[in-house]
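Note sheet for the following structure.
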2 protein chains.
Amino acid sequence: MTRTLAPDLKDCNDCPIRHRAVCARCETDELRKLEEIKNYRSFSAGQTIMWAGDRMDFVASVVSGVATLTQTMEDGRRQMVGLLLPSDFVGRPQRETASYTVTAASDVVMCCFRRKPFEQLIASTPHIAHRLLEMTLDELDAAREWMLVLGRKTAREKIASLLAIIARRIAELDEAADTGAISFDLMLTREAMSDYLGLTLETVSRQMSALKKDGIIVLDGKRHIIVPDMSRLLEEAGDDSDGGLPV
Amino acid sequence: MTRTLAPDLKDCNDCPIRHRAVCARCETDELRKLEEIKNYRSFSAGQTIMWAGDRMDFVASVVSGVATLTQTMEDGRRQMVGLLLPSDFVGRPQRETASYTVTAASDVVMCCFRRKPFEQLIASTPHIAHRLLEMTLDELDAAREWMLVLGRKTAREKIASLLAIIARRIAELDEAADTGAISFDLMLTREAMSDYLGLTLETVSRQMSALKKDGIIVLDGKRHIIVPDMSRLLEEAGDDSDGGLPV
DNA sequence: TCCTGTTTTTGATCTGTGTCAAGGCGAACT
DNA sequence: AGTTCGCCTTGACACAGATCAAAAACAGGA
């Protein structure tokens with residue numbers, strides 16, 4: 001349930017798979033192999049990084065920015081199934097084609113690894129395989145928490161849940177942590193939020209206004225959010241305790 | 001996206017982790033170790049196998065019957081986050097406590113392994129770790145498909161999707177496959193269905209009646225379902241192509 | 001600065017699903 | 001056979017959120 005950060009995150013800038021990923025215990029020759037198969041790629045806001053069904057020659061780790069994983073039905077209904085923040089991993093070893101469409105929500109930098117050699121690296125390096133399993137289990141937990149949000153929460157609770165998730169991830173990255181008030185840039189359009197939450201963008205807008213009116217959040221411009229009291233937000237989200245939702 | 005069955009499933013009755021699990025390439029001393037730490041356990045319909053938050057000393061594989069994974073909010077709202085059919089795996093290595101409540105939907109037999117030694121086995125046996133990763137990735141895909149169902153589909157489409165998933169899993173087990181008509185026992189109450197689909201049991205009942213009236217399904221008693229034409233069901237489910245939803 | 005297109009807000013109305021309530025059906029037990 | 005209990009179905013009505021429509025806020029370029 002708790003996000004498992006590589007313990008020596010801060011000391012790990014040389015490792016090309018950043019943060020939560022496999023770097024923590026990389027040894028020099030593993031690092032060298034990773035160096036060989038990696039390259040950084042940038043995408044601008046709104047750009048589609050990969051379409052569902054595309055051939056997938058890379059796996060990647062988000063370095064900066066926000067990307068989304070979405071599914072679409074033929075009639076255009078869309079559902080976001082994953083929100084990729086810095087340190088998240090994209091792509092599935094052993095699979096030729098992408099299952100989901102990946103879109104850059106903001107400007108994004110990804111650290112890409114050629115898939116074939118990456119798979120070999122996994123096969124020959126047990127601790128990387130373990131790290132990958134751990135990350136996948138975290139993602140599975142996140143997806144399951146999200147099923148509760150989608151299936152059983154009201155519009156207001158959904159919005160509060162989304163804000164809480166992002167606030168938590170941001171706080172985690174900034175290490176600012178428990179200073180009470182948290183402020184962050186929401187790098188999603190209202191439409192992207194509605195795709196995540198299974199709502200329409202009008203409903204998202206209305207509920208944002210309502211949360212603002214009730215003082216749960218403060219809006220500075222359209223996208224910059226201040227949460228004066230995190231516990232009140234969590235209450236609105238209907239979360240038991242403050243355990244919180246993993247992303 | 002496609003379920004990955006162990007290739008020599010049929011020849012593997014001695015392996016205590018059945019079907020999809022790790023058995024395919026188990027060698028004799030690995031099998032011996034598994035023998036030592038396993039024991040079979042039976043549960044009767046309706047019984048709670050494990051509560052969220054309980055200490056978890058076992059991981060397990062479903063041998064027969066159907067079990068469910070659910071989350072509950074303090075006010076009682078409930079969401080099923082996983083449906084466990086024979087060959088599915090439960091439990092998370094490296095975690096002390098259960099995240100979800102596990103309930104037997106029908107009479108269930110599980111093959112349980114003591115967690116600590118199982119973790120050691122994973123650590124020392126790369127191909128088991130790989131199999132586990134593959135299974136976890138399949139589950140993640142299933143969870144994400146389910147997010148689309150929960151977030152964007154209508155009640156009728158939700159029901160059709162659930163029936164399609166179960167029909168597909170049953171067909172897979174029976175190996176009866178593409179004979180057009182599929183019939184199976186739905187081992188879930190209307191309430192369990194509603195928990196899976198994020199609906200009320202009344203709505204589930206109404207939509208089942210509607211699908212029956214329209215000839216998409218035939219009901220023999222309350223729980224035995226006949227699907228005369230699988231493609232029509234998939235159409236109702238709103239699935240693109242017939243790719244279908246993994247569970 | 002104005003113009004243009006995108007994103008967001010707000011309003012009015014409609015509808016699918018939830019809620020509340022009653023009754024039916026079958027299985028197990030007396 | 002009758003009673004009880006759990007599960008399922010059906011109906012009437014209410015409401016959260018969708019849909020349709022318009023205007024306001026904002027960003028970027030000429």
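Below, each value reflects all heavy atoms present in this structure, side chains not excepted, and no hydrogens, waters or symmetry copies. The sequence lines fix the lettering, A, B, ..., with proteins before strands; numbering per chain opens at 1.
With axes fitted over five pairs at each extremity, the angle between the ends of the helix from C:dT1-D:dA30 to C:dT30-D:dA1 is 30° (10° resolution).
Put simply, the side chain of A:Asp229 gets close to the backbone of A:Ser231: a donor and an acceptor are under 3.5 Å apart. Checked by atom type and distance alone, the side chain of B:Asp141 never pairs as donor or acceptor with a backbone atom of B:Asp138 at under 3.5 Å. With A:Arg152 contributing its side chain and B:Leu199 its backbone, the two residues share a donor-acceptor pair below 3.5 Å. With hydrogens and angles ignored, the 3.5 Å screen pairs a side-chain donor or acceptor of B:Arg115 with a backbone N or O of B:Met56. Side chain of A:Arg169 to backbone of A:Pro86: a donor-acceptor contact under 3.5 angstrom is found.
Taking atom CD of residue A:Glu202 and atom C1' of nucleotide D:dA23, one finds them 14 Å apart after rounding to whole Å. Following rounding to the nearest Å, A:Asp195 (CG) and C:dT7 (C1') show an atom-to-atom distance of 14 Å. If you take CD of B:Gln207 and P of D:dG11, they are 14 Å apart, rounded to a whole angstrom. If you take CG of B:Leu199 and P of D:dC8, they are 15 Å apart, rounded to a whole angstrom. Put simply, CD1 on A:Ile159 is 16 Å from P on D:dA16, counting in whole angstrom units. Remark: C1' of D:dA16 and CG of A:Leu197 are 15 Å apart, rounded to the nearest angstrom. In this structure, A:Asp220 atom CG and C:dT8 atom P are separated by 15 Å, rounded to whole Å. Nucleotide C:dT17 holds its P atom 11 Å from the CZ atom of B:Arg156, rounded to whole Å.
Using a 4.0 Å heavy-atom distance criterion, A:Ser205 is classed as a base contact. Heavy atoms of A:Gly198 sit under 4.0 angstrom from primed sugar atoms or phosphate atoms, though from no base atom. Across all strands shown, B:Leu201 has no heavy atoms under 4.0 Å from either base or sugar-phosphate atoms.
A close approach under 4.0 Å does occur between a side-chain nitrogen or oxygen of B:Ser209 and OP1 or OP2 of D:dT10. Of the side-chain N and O atoms in A:Arg206, none sit less than 4.0 angstrom from OP1 or OP2 of C:dT10.
In the set D:dT19, C:dT19, C:dT17, D:dT19 carries the atom at the smallest distance from any side-chain atom of A:Thr200. Comparing atom distances between the A:Thr154 side chain and each of C:dT8, D:dG17, D:dC7 picks out D:dG17 as nearest. Between D:dG17, C:dT17, C:dT7, one nucleotide has an atom nearer to the side chain of A:Thr203 than all others, and that is D:dG17.
Distance CZ/B:Arg41 to CD1/B:Ile49: 9.0 Å, rounded to 0.5 Å.
Heavy-atom minimum distance, B:Tyr100 versus B:Gln71: CD2-CG, 3.3 Å.
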